[in-house]
Colleague: 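I am attaching a structure below and will ask some questions about it afterwards.
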Amino acid sequence: MNPKLTKWTRYEFWSFWLFYGPLTPWYIYKILKAGAPAYFCAANPGIKWGGFMNYPKINLLNQIEEKYKPKTVFFEEFTTQKMPFEFPFIAKPNIGERGIGVELIRNEIDWKTYIKQNNRDLILQEYFDSNFEFGVFYVRLPNDENGKIISITTKEFLAFVGDGKSTFKELINQNLRAFYRKDYLFERYKDELSTVLANGEQKLIEPIGNHSRGTIFLDGSHLKTIQLEKTIDEIAKNIDGFFYGRIDLKAKNLEDFQNGNFVILEINGANSEATHIYDPSYNLLKAYKEVLKHLDYQQKIAVQNNKNGIKWTDWKLLAKEIMARYTT
């Protein structure tokens with residue numbers, strides 16, 4: 001299939017604005033019902049803007065027990081030549097979303113290239129080498145004692161399987177998910193473009209589990225267990241003012257995940273997507289149904305927090321920050 005045609009016929013490849021634009025009347029209805037244009041910020045009163053935008057992720061990570069996260073170090077500015085741990089490791093901006101600026105640093109060359117672009121407000125994490133990565137969506141109504149998991153996303157990282165004939169460059173051009181990032185991949189693997197993978201040989205191309213980086217998102221809601229939900233709930237309740245969001249994590253295997261043995265990579269707030277909707281088996285109507293279910297929880301949580309004394313965010317201040325973000 002022509003990649004350019006697929007971009008328009010499969011909603012998982014649509015831009016954020018194209019996919020969510022049709023929901024504008026629904027948002028207006030929710031705003032009128034709540035009586036507050038920025039009601040969603042009250043879903044997580046312990047996070048800046050409720051986790052809608054420009055919130056420091058290190059503040060959330062610092063509230064998680066050490067056993068539930070990889071070794072993590074934060075730098076306001078990286079000025080030392082001494083690395084906190086050995087290669088490989090993950091580098092990412094403290095404030096960011098959709099995998100932008102997240103890289104696996106394999107060696108000194110990767111690191112020097114990275115810090116030329118960004119050496120401030122930086123999170124470094126030990127690399128947890130596993131293909132078992134998940135996005136767990138958690139909600140808790142403020143008046144309820146316990147929260148729950150309402151969706152789980154499983155991830156399949158972008159990888160190639162050789163046929164013994166095609167060069168690496170040809171495999172990039174042939175793969176729908178790699179095609180959209182071919183300029184990046186051509187640069188990343190510039191020394192391997194003429195290499196031919198042996199028949200059946202597998203090669204991991206993108207170790208970052210983000211949809212925009214070629215990862216396939218699948219609905220893994222059937223993987224929920226009582227122990228998993230209990231562990232997630234305990235972790236979430238120890239995070240100040242956190243009621244709604246997606247927890248991205250890794251485990252050594254499926255059994256560990258379901259038993260609550262994992263490490264948390266990051267936590268997302270009010271801007272969280274129910275990423276399982278990008279499962280290729282979903283249709284647009286089913287995806288929208290899931291989105292609205294999640295956002296209904298967001299609104300209920302926000303309204304309940306407001307009734308419990310949390311003030312609505314001044315929408316003018318939020319609008320000012322949004323304008324600053326997109327005009328600078």
Colleague: Aromatic rings W111 and F89: how do their planes relate, parallel, tilted or perpendicular, breaks at 30° and 60°?
Modeller: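 Perpendicular, since the angle between the ring planes exceeds 60°.
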Colleague: Between Y27 and Y20, is the ring centre distance below 6.0 Å?
Modeller: no
Colleague: Other members of the hydrophobic cluster containing F157, with the 4.5 Å side-chain heavy-atom rule, please.
Modeller: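 Other cluster members: L204.
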Colleague: Quick test of your reading of the model: are E192 and K203 salt-bridged, counting only N-O distances below 4.0 Å?
Modeller: yes
Colleague: Hey, does the Lys NZ or Arg CZ of K169 hover above the aromatic six-ring of F186, less than 6.0 Å from the centre and inside 45° of the axis?
Modeller: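 Relative to the ring axis of F186, which defines the angle, K169 lies inside both limits.
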Colleague: May I ask you to check whether over 12 heavy atoms, not counting those of Y282, lie within 6.0 Å of atom OH?
Modeller: yes
Colleague: I'd like to know whether the aromatic ring centres of F262 and Y68 sit less than 6.0 Å apart in this structure.
Modeller: yes
Colleague: Any sub-3.5 Å donor-acceptor pair from K250's side-chain atoms to S130's backbone N or O?
Modeller: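 Judged by distance alone, yes, a pair lies under 3.5 Å.
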Colleague: Give a yes or no on whether a salt bridge exists between E170 and K165, defined as a side-chain N under 4.0 angstrom from a carboxylate O.
Modeller: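 Answer for the salt bridge query: no.
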Colleague: Could you please spell out the steps behind the salt bridge (charged side-chain N to carboxylate O under 4.0 Å, His left out) verdict for E234 and K237?
Modeller: CA-CA 5 Å; E234 289 174 351; K237 286 192 288 189; over 6 Å; no
Colleague: Suppose we screen for side-chain hydrogen bond (donor to acceptor under 3.5 Å, both in side chains). Which residues come up paired with Q298, at least two apart in sequence or across chains?
Modeller: none
Colleague: Salt-bridge test for R213 and E103: reply yes if a basic N is under 4.0 Å from a carboxylate O, no otherwise.
Modeller: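 A salt bridge is present here (some side-chain N lies under 4.0 Å from a carboxylate O).
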Colleague: Pair K48, E321 - check salt bridge (charged side-chain N to carboxylate O under 4.0 Å, His left out), show working.
Modeller: CA-CA 12 Å; K48 180 182 178 181; E321 181 131 345; 3.3 Å; yes
Colleague: Would you find more than 12 non-hydrogen atoms of other residues, nucleotides or ligands less than 6.0 Å from Q227 atom CD?
Modeller: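 Yes.
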Colleague: Would you say CG of L32 has more than 12 non-hydrogen atoms from neighbouring residues, nucleotides or ligands within 6.0 angstrom?
Modeller: yes
Colleague: Could you see if L295 belongs to whatever hydrophobic cluster contains I31? Use Ile, Leu, Val, Met, Phe, Trp, Tyr and a side-chain cutoff under 4.5 Å.
Modeller: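 L295 clusters together with I31.
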Colleague: Would you say the rings of F87 and Y127 are close, in the sense that their centroids are separated by under 6.0 Å?
Modeller: no
Colleague: Do Y184 and I205 share a hydrophobic cluster, counting only Ile, Leu, Val, Met, Phe, Trp and Tyr and linking them when any side-chain heavy atoms are less than 4.5 Å apart?
Modeller: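 Linked within one cluster.
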Colleague: Go through the steps for R181 and D183 under the test salt bridge (charged side-chain N to carboxylate O under 4.0 Å, His left out), then give the verdict.
Modeller: CA-CA 6 Å; R181 285 177 56 77; D183 290 342; over 6 Å; no
Colleague: I'd like to know whether the aromatic ring centres of Y244 and Y138 sit less than 6.0 Å apart in this structure.
Modeller: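 No, the ring of Y244 stays outside the 6.0 Å limit from the ring of Y138, centre to centre.
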Colleague: Please confirm whether F19 and Y288 have ring centers closer than 6.0 angstrom.
Modeller: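 Under 6.0 Å, so yes.
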Colleague: Would you say that more than 12 heavy atoms from the other residues, nucleotides or ligands in this model lie under 6.0 Å from the NZ of K293, or not?
Modeller: yes
Colleague: Let's go through F160 and F168 carefully: what are the C-alpha distance in whole Å and the side-chain angles of both, what is the deciding distance for ring-ring contact (aromatic ring centres under 6.0 Å, His included) to 0.1 Å, and is it a yes or a no?
Modeller: CA-CA 9 Å; F160 292 160; F168 200 71; 5.7 Å; yes
Colleague: So that I know where these two stand, are F137 and H294 an aromatic pair - ring centroids less than 6.0 Å apart?
Modeller: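 Yes, the ring of F137 comes within the 6.0 Å limit of the ring of H294, centre to centre.
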Colleague: Please find out if less than 6.0 Å separates the ring center of F52 from that of F40.
Modeller: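 Distance test on ring centres: under 6.0 Å, yes.
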Colleague: Looking at F85, I'd like to know if its CZ atom is crowded, meaning that more than 12 non-hydrogen atoms belonging to other residues, nucleotides or ligands lie closer than 6.0 Å.
Modeller: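 Yes, CZ of F85 has more than 12 neighbouring heavy atoms, counting only those of other groups under 6.0 Å.
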Colleague: Treating R246 as the side-chain partner and E273 as the backbone partner, does any N or O pair qualify as donor plus acceptor under 3.5 Å?
Modeller: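 Here the side-chain-to-backbone pair exists.
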